Amino acid sequence: MKPLLIGGEWVRTSHGVDDINPSDTTDIIDSFAQAGVAETQTAIAAAADAAPGWGLSNPQDRHDILRRVGDEIMARADELGHLLSREEGKILSEGVAEAVRAARIFHFFAGEALRLSGELLPSTRPGVTVELTREPVGVVGVIAPWNFPLAIPAWKIAPALCYGNTVVFKPAELVPGCAHALAEILHRSGVPAGVFNLLIGKGSVVGQAIIDDPRIDAITFTGSQATGERVARASLPHMRRIQMEMGGKNPLVVLDDCDLDRAIACALDGAFFSTGQRCTASSRLIVTEGIHDRFISGLADAMARLKVGHALHDGTDIGPVVDATQLEQDLRYIEIARREGGHLRHGGEVLRSDTPGFFLSPALITGTTADMTINREEVFGPVASVIRVRDYDQALAVANDTPFGLVAGICTSSLKHASHFKRMAQAGMVMVNLPTAGVDPHVPFGGRKASSHGPREQGSWAREFFTQGKTAYIHP
Ligand code: UN1
């Protein structure tokens with residue numbers, strides 16, 4: 001049984017839970033010790049005790065630790081990518097690429113530790129100067145989802161530590177293996193006891209104990225809207241700062257004047273790679289009528305060439321859905337879409353394979369309208385719907401007709417439309433002639449409307465959340 005990490009000690013508990021490979025449910029990766037409320041509170045106490053010392057630590061030490069973490073992840077990217085794919089189900093090349101991305105994020109924030117700057121201003125009062133500085137926030141609760149089990153923890157944990165905060169990390173229940181590997185690496189890299197703590201366990205127990213605890217100064221969360229709401233409600237009485245990413249229903253607009261092959265490639269990648277299990281997935285394909293039929297038939301042909309199967313097998317393009325519950329949800333949404341008048345143009349079938357896993361052929365639903373359930377709620381699977389529109393103006397209106405606002409994409413050769421879309425899309429990120437999913441490790445990430453709340457993650461903007469400002473007036 002793999003242990004928890006609390007206050008610098010590896011801690012075993014009486015109860016372990018198996019970690020199962022979604023490509024082959026007979027393959028048990030390991031068993032993981034489950035934290036309860038007591039372990040959670042001990043970890044929070046350890047993080048709170050360690051916070052003052054770490055908050056005043058030498059930035060060179062923080063740099064060196066984060067650098068070592070990045071170096072080890074990079075050196076072991078193949079092995080960690082393999083573990084990730086075995087545990088989460090994205091294909092091996094995607095798993096390895098994600099490990100590399102996690103390493104780059106640690107490297108980026110290693111550098112940021114040495115770049116934290118302030119400002120010096122003259123006061124309006126003679127002889128007085130004003131200093132603006134940033135200080136750590138304290139204890140950060142990191143609550144992460146299963147779909148990017150290395151990259152998302154990296155982009156929350158690395159900046160938290162970089163700016164001098166201590167961390168209580170609760171990974172998603174489905175991906176304890178990657179979380180544990182990351183904890184081992186952090187532990188080895190010289191993070192002092194209590195500065196980083198790993199709690200594996202149920203959201204209803206560990207997650208709840210974290211959000212209810214007044215010693216947690218900030219929570220960075222990625223997950224569902226429903227859980228995000230619970231985090232926000234529990235945080236309000238403490239006036240605690242929160243940073244939340246809660247999904248999307250991202251439009252990819254395809255205009256008549258686009259490069260058709262490129263648009264098909266963007267849709268294929270954006271909607272179905274990583275089994276469509278990305279909050280940045282291109283789940284709504286909004287296509288103008290001049291190119292609509294050609295786009296659909298080209299996309300369906302490309303989908304037919306995708307090989308769905310075991311994430312670790314050569315030649316697989318699309319791995320399994322993460323578990324039985326998610327598969328059921330994907331199928332339910334496909335069914336609702338059909339009932340409401342959509343046409344299942346391709347896929348949407350549960351597939352048999354050599355191994356027992358949760359295999360679903362990517363689904364394309366045509367003839368949908370903006371008000372249908374399939375275009376309003378996040379599926380989080382390899383399911384995309386097509387909305388046919390007259391022209392660019394209608395495409396933009398439909399693209400914005402959603403409660404979410406994470407990413408919006410457009411495929412066009414018109415600079416005029418691309419520029420207008422970039423400004424008018426109600427989303428935190430815009431992609432021009434690119435898939436909506438797949439972001440760089442060194443720039444801000446985040447959305448608007450129901451997708452996100454609080455300051456941006458990643459890049460240098462991450463410091464807005466992970467530091468608190470101080471304005472000092474000094475008279476010599
Ligand atoms: C990406 O598209 O590269 O949960 C990243 C998610 C996002 C990350 C997407 N927070 O899918």
Side-chain angles (χ1 to χ4, degrees), residues 4-9 11 13 33-57 133-145 152-153 156-173 179 183 186 191-246 452-455 457 462-471:
L4 312 168
L5 179 61
I6 300 177
E9 305 287 334
V11 175
T13 60
Q34 298 291 295
V37 172
E39 286 82 12
T40 306
Q41 289 179 345
T42 310
I44 295 171
D49 285 349
W54 183 248
L56 293 171
S57 61
T133 51
R134 290 176 182 276
E135 297 177 358
V137 181
V139 181
V140 177
V142 171
I143 303 179
I152 294 179
K156 293 177 183 299
I157 294 165
L161 297 178
C162 157
Y163 297 116
N165 304 283
T166 59
V167 169
V168 174
F169 172 36
K170 189 225 162 288
E173 286 155 59
L186 280 154
V191 174
V195 168
F196 172 82
N197 303 273
L198 171 69
L199 292 168
I200 287 165
K202 281 195 189 321
S204 57
V205 178
V206 176
Q208 194 65 43
I210 291 174
I211 67 178
D212 286 342
D213 199 301
R215 294 168 294 181
I216 297 282
D217 299 299
I219 292 183
T220 174
F221 165 81
T222 298
S224 71
Q225 240 184 321
T227 309
E229 250 181 68
R230 281 171 64 182
V231 171
R233 277 183 210 288
S235 296
L236 190 63
H238 308 297
M239 289 292 160
R240 167 201 291 147
R241 61 172 64 194
I242 48 177
Q243 174 184 58
M244 306 200 294
E245 292 300 336
M246 296 164 292
S452 305
H453 180 85
E457 303 190 281
R463 68 165 182 243
E464 294 304 326
F465 181 72
F466 291 100
T467 62
Q468 51 188 340
K470 183 172 278 176
T471 308

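The shown structure was predicted, so the numbers you read here are calculated from the model rather than taken from an experiment. Here, residue 1 is the first one in the sequence, and each next residue gets the next number.
- Annotation for Pro153 and Ala144: closest pair CG-CB, 4.1 Å, computed over non-hydrogen atoms.
- Contact of the Ile44 side chain with the Arg215 side chain is registered, since non-hydrogen atoms from C-beta on lie closer than 4.5 Å.
- For the pair Asp217 and Gly138, the tightest heavy-atom approach, listed with the atom from each and the gap, is OD2-CA, 3.4 Å.
- Under the side-chain contact (heavy atoms from CB on, under 4.5 Å) test applied with Thr220, the options Arg241, Met244, Glu245, Glu457 reduce to a single match, Glu457.
- Closest heavy-atom contact between Gly194 and Ala50: C-CB, 3.7 Å.
- The side-chain heavy atoms of Val140 and Val168, taken from C-beta on, include no pair separated by under 4.5 Å.
- A side-chain donor-acceptor contact under 3.5 Å links Asn197 to the backbone of Val167.
- Between the side chain of Arg463 and the backbone N or O of Tyr163, no donor-acceptor pair lies under 3.5 Å.
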For a side-chain contact (heavy atoms from CB on, under 4.5 Å) check, start with the C-alpha distance between Gln243 and Phe221, then their side-chain angles and the critical distance, and finish with the verdict.
CA-CA 6 Å; Gln243 174 184 58; Phe221 165 81; over 6 Å; no
For the pair Leu161 and Val195, evaluate side-chain contact (heavy atoms from CB on, under 4.5 Å) and give the outcome as yes or no after the intermediate values.
CA-CA 8 Å; Leu161 297 178; Val195 168; 3.6 Å; yes
Pair Lys170-Thr40, side chain to side chain donor-acceptor pair (under 3.5 Å): steps then yes or no
CA-CA 10 Å; Lys170 189 225 162 288; Thr40 306; over 6 Å; no
For Thr222 and Ile143, run side-chain contact (heavy atoms from CB on, under 4.5 Å): C-alpha distance rounded to whole Å, both residues' side-chain angles, the deciding distance at 0.1 Å, then the answer.
CA-CA 7 Å; Thr222 298; Ile143 303 179; over 6 Å; no
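- Of the inter-residue distances, the one linking Ile219 atom CD1 with His238 atom NE2 reads 8.5 Å to the nearest 0.5 angstrom.
- Note that CD1 of Ile242 and CZ of Arg233 are 11.0 Å apart. Values are rounded to the nearest 0.5 Å.
- Taking both residues in full, the closest heavy atoms of Arg240 and Ile210 are given as NH2-O, 3.9 Å, listed atom of the first, atom of the second, then distance.
- Remark: side-chain polar atoms of Trp54 are not paired, donor with acceptor, to backbone N or O of Pro192 under 3.5 angstrom.
- Between Ser224 and Thr227, the shortest heavy-atom contact is OG-OG1, 3.0 Å.
- In this structure the side chain of Ile200 reaches within 4.5 angstrom of the side chain of Pro171, judged on heavy atoms.
- A distance of 6.5 Å separates OG of Ser235 from CD1 of Ile211, quoted to the nearest 0.5 Å.
- If you take NZ on Lys470 and CD on Glu135, they are separated by 3.5 Å, rounding to the nearest 0.5 Å.
- In this structure, the side chains of Glu229 and His453 stay at 4.5 Å or more apart for every pair of heavy atoms.
- Between atom CD1 of residue Ile157 and atom CZ of residue Phe169 there is a gap of 4.5 Å, rounded to the nearest 0.5 Å.
- Inter-residue side-chain proximity for Asp213 and Gln41 is flagged as met; some heavy-atom pair is nearer than 4.5 Å.
- Contact check for Gln208 versus Asp212: side-chain heavy atoms found under the 4.5 Å cut-off.
- Thr166 places a side-chain N or O within 3.5 Å of a backbone atom of Ala47 that can act as its donor or acceptor partner.
- Between Ile6 and Leu199, some side-chain heavy-atom pair lies under the 4.5 Å cut-off.
- Here the CD-CG distance, from Gln34 to Leu4, works out to 8.0 Å after rounding to the nearest 0.5 Å.
- Checked by atom type and distance alone, the side chain of Asn165 never pairs as donor or acceptor with a backbone atom of Pro136 at under 3.5 Å.
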